[in-house]
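I have placed the structure first, in the form of structure tokens, so that the comments after it can refer back to it.
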Amino acid sequence: MRIRHMGIVTKDLEKTATFYEKVFGFKRLGDVRTPGHYPGKALDLSDGEVNYSLLCPDERVETAPWAQGTLGPNHIGVEIADTAAVVDSLKDFGIEIYGEDKEQWPPRFFKFLDPDGVEIDVATPDRSWKF
């Protein structure tokens, strides 16, 4: 068993897709589509193992900002060897990292909030999650 798909709600499909393509190298799996189970549009990305479906709700759907204590996903973990490249890409988007490994550069782990406020937890393979 393994996780193959995550659905992430965003305000702007194109902006968020471009962000993940540039920061992590995710690939688009097709054009914007209309999902049958979600009131809005969707765009699918992939890292080659897990699909990352961006969901943009119909403007009539009310959304709430991320907050601790909510049920459901809290953050998304991404393993990547070249964390320096990710930090550089984030600077291009004006995004600061936090919770980083202050013992070395580039950091082996850190966090940031994507353009929609989703917390992303980044780690190198040696510091990453075991399975």
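Quick caveat: nothing in here was measured; it's all calculated off a predicted structure.
Using a 4.5 Å cut-off on side-chain heavy atoms (C-beta onward), Val9 and Pro57 make contact. The closest side-chain heavy-atom distance from Lys41 to Leu13 is below 4.5 Å. Ile80 is not listed as a side-chain neighbour of Thr124, based on a closest heavy-atom distance of 4.5 Å or more. Side chains of Val78 and Asp121 form no contact here, defined as non-hydrogen atoms less than 4.5 Å apart. Proximity of Ile120 to His75: side-chain heavy atoms (C-beta onward) are nowhere separated by under 4.5 Å. Proximity of Phe19 to Ile95: side-chain heavy atoms (C-beta onward) are separated by under 4.5 Å at one or more points.
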Worksheet item: Do Val87 and Trp105 pass the side-chain contact (heavy atoms from CB on, under 4.5 Å) test, and can you show the C-alpha distance, the side-chain angles, and the key distance before you say yes or no?
Response: CA-CA 11 Å; Val87 172; Trp105 184 260; 3.7 Å; yes
Fill in: Full working for side chain to side chain donor-acceptor pair (under 3.5 Å) between Asp114 and Thr16
CA-CA 8 Å; Asp114 81 357; Thr16 303; 5.9 Å; no
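When atom types are taken as modelled, the side chain of Asp116 and the backbone of Val118 share no donor-acceptor pair closer than 3.5 angstrom.
Considering every non-hydrogen atom in both His5 and Ser53, the closest pair reads CE1-OG, 2.7 Å. The two residues Trp129 and Gly77 come nearest to each other via the heavy atoms CH2-CA, 3.6 Å. Of all heavy-atom pairs spanning Lys111 and Glu119, the tightest one is CD-OE2, 3.7 Å. In terms of heavy-atom proximity, Leu43 sits nearest to Gly30 at CD1-O, 3.3 Å. Minimum heavy-atom separation, Phe24 to Val122: CZ-CG2, 3.8 Å. Of all heavy-atom pairs spanning Asp12 and Cys56, the tightest one is N-SG, 4.5 Å.
Taking 4.0 Å as the cut-off between side-chain N and carboxylate O, Arg108 and Asp126 count as a salt-bridged pair. Salt-bridge annotation for Glu59 and Lys11: absent, with no side-chain N of the basic residue lying under 4.0 Å from a carboxylate O of the acidic one. Note on Arg33 versus Asp44: salt bridge recorded, some NZ/NE/NH1/NH2 to OD/OE distance being below 4.0 Å. In this structure, Glu21 does not pair ionically with Lys27, as no charged nitrogen and carboxylate oxygen lie closer than 4.0 Å.
Each of Val86, Leu90, Thr83, Leu113 was checked for a side chain to side chain contact (heavy atoms under 4.5 Å, CB included) with Ile97, and the lone residue meeting it is Leu90.
Note on Phe93: it clusters hydrophobically with Tyr52, by side-chain heavy-atom contacts below 4.5 Å among ILVMFWY residues.
Met6 CE to Leu54 CG: the interatomic distance, rounded to the nearest 0.5 Å, is 10.0 Å. The CZ atom of Phe109 lies 14.5 Å from the CD atom of Glu79; values are rounded to the nearest 0.5 Å. Considering CG of Leu55 and CD1 of Ile8, their distance stands at 8.0 Å, rounded to 0.5 Å. Note that CG of Asp101 is 5.0 Å distant from CD of Gln104, once rounded to the nearest 0.5 Å.
For Tyr98 and Phe112, the ring centers sit 6.0 Å or farther from each other.
Using the six-membered ring where Trp is involved, Phe26 and Tyr20 have ring planes that are parallel, under 30° apart on the 30 and 60° scheme.
Open room surrounds CG on Asp31; 12 or fewer heavy atoms of other groups in view lie less than 6.0 Å from it.
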